[in-house]
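The structure appears right after this line, and notes come after that.
These figures come from a predicted structure and were not determined experimentally. Letters A, B, ... are given to chains in the order of the sequence lines, protein chains preceding strands, and every chain is numbered from 1.
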Number of protein chains: 2
Amino acid sequence: MSNIPPIIHKTRTQLVVEALREQILSGDIEGGEPLRQSAIAEQLNVSRIPVREALVQLEAEGLVNFEPHKGATATKLSVEQVTELFELRAMIESDLLAKAIPNLTEQDIIDAESVLVQLELAFKLKESVASWSELNTRFHTRLYEAANRPHTLEVVNGLNTNCDRYIRLQLLFTGGIPTAEREHRILLELCKNRDVQKATELLRLHILHAADSITKLVEQKIKS
Amino acid sequence: MSNIPPIIHKTRTQLVVEALREQILSGDIEGGEPLRQSAIAEQLNVSRIPVREALVQLEAEGLVNFEPHKGATATKLSVEQVTELFELRAMIESDLLAKAIPNLTEQDIIDAESVLVQLELAFKLKESVASWSELNTRFHTRLYEAANRPHTLEVVNGLNTNCDRYIRLQLLFTGGIPTAEREHRILLELCKNRDVQKATELLRLHILHAADSITKLVEQKIKS
DNA sequence: ACTCCCCTTACTGAATACAATTAAGATTAT
DNA sequence: ATAATCTTAATTGTATTCAGTAAGGGGAGT
């Protein structure tokens, strides 16, 4: 009767995907850096086959460029691309939120809030940046799910994995945390009140503001 | 001096991807149908390795579901998903077009028109449906490229490969061709006149109208 | 009859081994 | 010296082979 957690056997490919994704997002592997199959295989104690499959998958996520016979490199995002990605997110996500708000149940709001609490705790405890961004997307996803747009949500998540490394930069270096916390709280409140207009507008600004401070940061980095 | 077409060696993986994609889009492989690696490998005279890599790639494109240890199946889209995909396309593409129109050069318009002529010719000659949809996306892409939003364009193309099989259905069974031709011509004219407002509105309707006739078609098919 | 367990089978997942491609250095001819 | 060609080393692409997993099908026990 009890819901059995049906023993999940992670394939080696999945392990490699997760390891590489984390290394790229964390900046451990830099943009443009070539990814040698044998090196990765050795490092993770697998053969090259799962490494190759992982690279194909990561290319689809946009984290890797895979050129036949040349090899794979980690992608790097330029300032223009950051702007593009975030503007696209702003458009799609505010649309999602608008569609979601009328469908949000009390339970959804409670769930979202509990994720938010965990996120704030993670900020306070200065846990790993990785867990910040995971909880962050969990929070947003909770709100969007009620829109009943699974495919759109997938697209958004795809865009997010691309933005992630920059969001991490922002949180780490621009002191964006208090602002983000405040905005999240207000956003949740607006959702609770079903104020579609204000909520979507806040979300837009939230995303575009982040884009702005990131582009400034990236420009600085390029100069230095 | 002449630009050498630097002999492109297609990998077997790419061949398999193309073969399978075409079979799925054309409906030759139906939604839900299991894709046995060995069968495909044998059929295409390759080993299972490139087949596996191809399946991973196609999963990223949304044409295939890949469950560990269970195998891959062709995805099938429901009516709701069709609606979702097309509404998303309408939003993103009209935004793209709005951003593109001010940047369109005379040359862009000429190029687009020439693609359009080819497309109309393909319709007349009743060439393969595959070439129709290829030329169709080429036409739209030409218009969108001026928006300078490469990543957004990629997203759109991704959505399109998912919609493609349904667009083909529509063109084949609902006599949508004359309408499509007319709308394309008008759209091009509006772009030439830089009428952003009307052009984006037409595009929205163009896409949503297609969605509508497709959902009707799919519902019929389900009943029969 | 029903349920549980083992076992078989058909498939997928991964390692090893081999072939093909690229690019860089060496060699030769102009 | 320079350009073109050959050679070779590094790396990727693919076939073969072995290992592991997941369902389906009897039998034994209840």
Rounded to whole angstroms, how far apart are CD on A:Q37 and P on C:dA20? 18 Å
From CD of A:E42 across to P of D:dT12 the rounded distance in Å is 13 Å
Whether A:R48 contacts D:dG13 is assessed here as follows: a side-chain N or O lying under 4.0 Å from the phosphate OP1 or OP2. Is that the case? no
Could you tell me whether A:R142 sits above the aromatic face of A:F139, with NZ or CZ closer than 6.0 angstrom to the six-membered ring centre and within 45 degrees of the axis? no
Would you kindly give the NE2-to-P distance between B:H69 and D:dT21, to the nearest whole Å? 6 Å
Can you classify the ring geometry of A:H140 versus A:H206 as parallel (below 30°), tilted (30 to 60°) or perpendicular (above 60°)? parallel
A:R12 side chain near A:I49 side chain, heavy-atom distance below 4.5 Å: no
Between C:dA14 (P) and A:I40 (CD1): distance, integer Å: 16 Å
Would you call A:R21 and A:E134 a salt bridge, taking side-chain N to carboxylate O under 4.0 Å as the test? no
Pick base, sugar-phosphate or nothing for B:L35, based on heavy-atom distances below 4.0 Å to the nucleic acid. sugar-phosphate
Rounded distance (Å) that lies between atom P of C:dT22 and atom CZ of A:R36: 15 Å
Residues from residues 51-59 of chain A sitting under 4.0 Å of DNA chain D, heavy atoms only? A:R52
Is there side-chain contact between A:V51 and A:L35, with heavy atoms separated by less than 4.5 Å? no
Nucleotide C:dA10, atom C1' - distance to CD of B:E67 in whole Å: 17 Å
For A:E33, does the CD atom sit with more than 12 other heavy atoms under 6.0 Å from it, leaving out its own atoms? yes
If you compare every side-chain N and O of A:S47 against the phosphate oxygens of C:dA15 (OP1, OP2), does one of them come in below 4.0 Å? yes
Just to confirm, is there a sub-4.0 Å distance from OP1 or OP2 of C:dA14 to any side-chain nitrogen or oxygen of A:T13? yes
Please give, in whole Å, the distance from C:dC18 P to A:I49 CD1? 15 Å
D:dA23 phosphate, OP1 or OP2: any side-chain N/O from B:K70 under 4.0 angstrom? yes
Derivation of the salt bridge (charged side-chain N to carboxylate O under 4.0 Å, His left out) call for A:E120 and A:K124: CA-CA 6 Å; A:E120 286 163 351; A:K124 273 214 183 61; over 6 Å; no
Any donor-acceptor pair under 3.5 Å between the side chain of A:R12 and the base of D:dG20? no
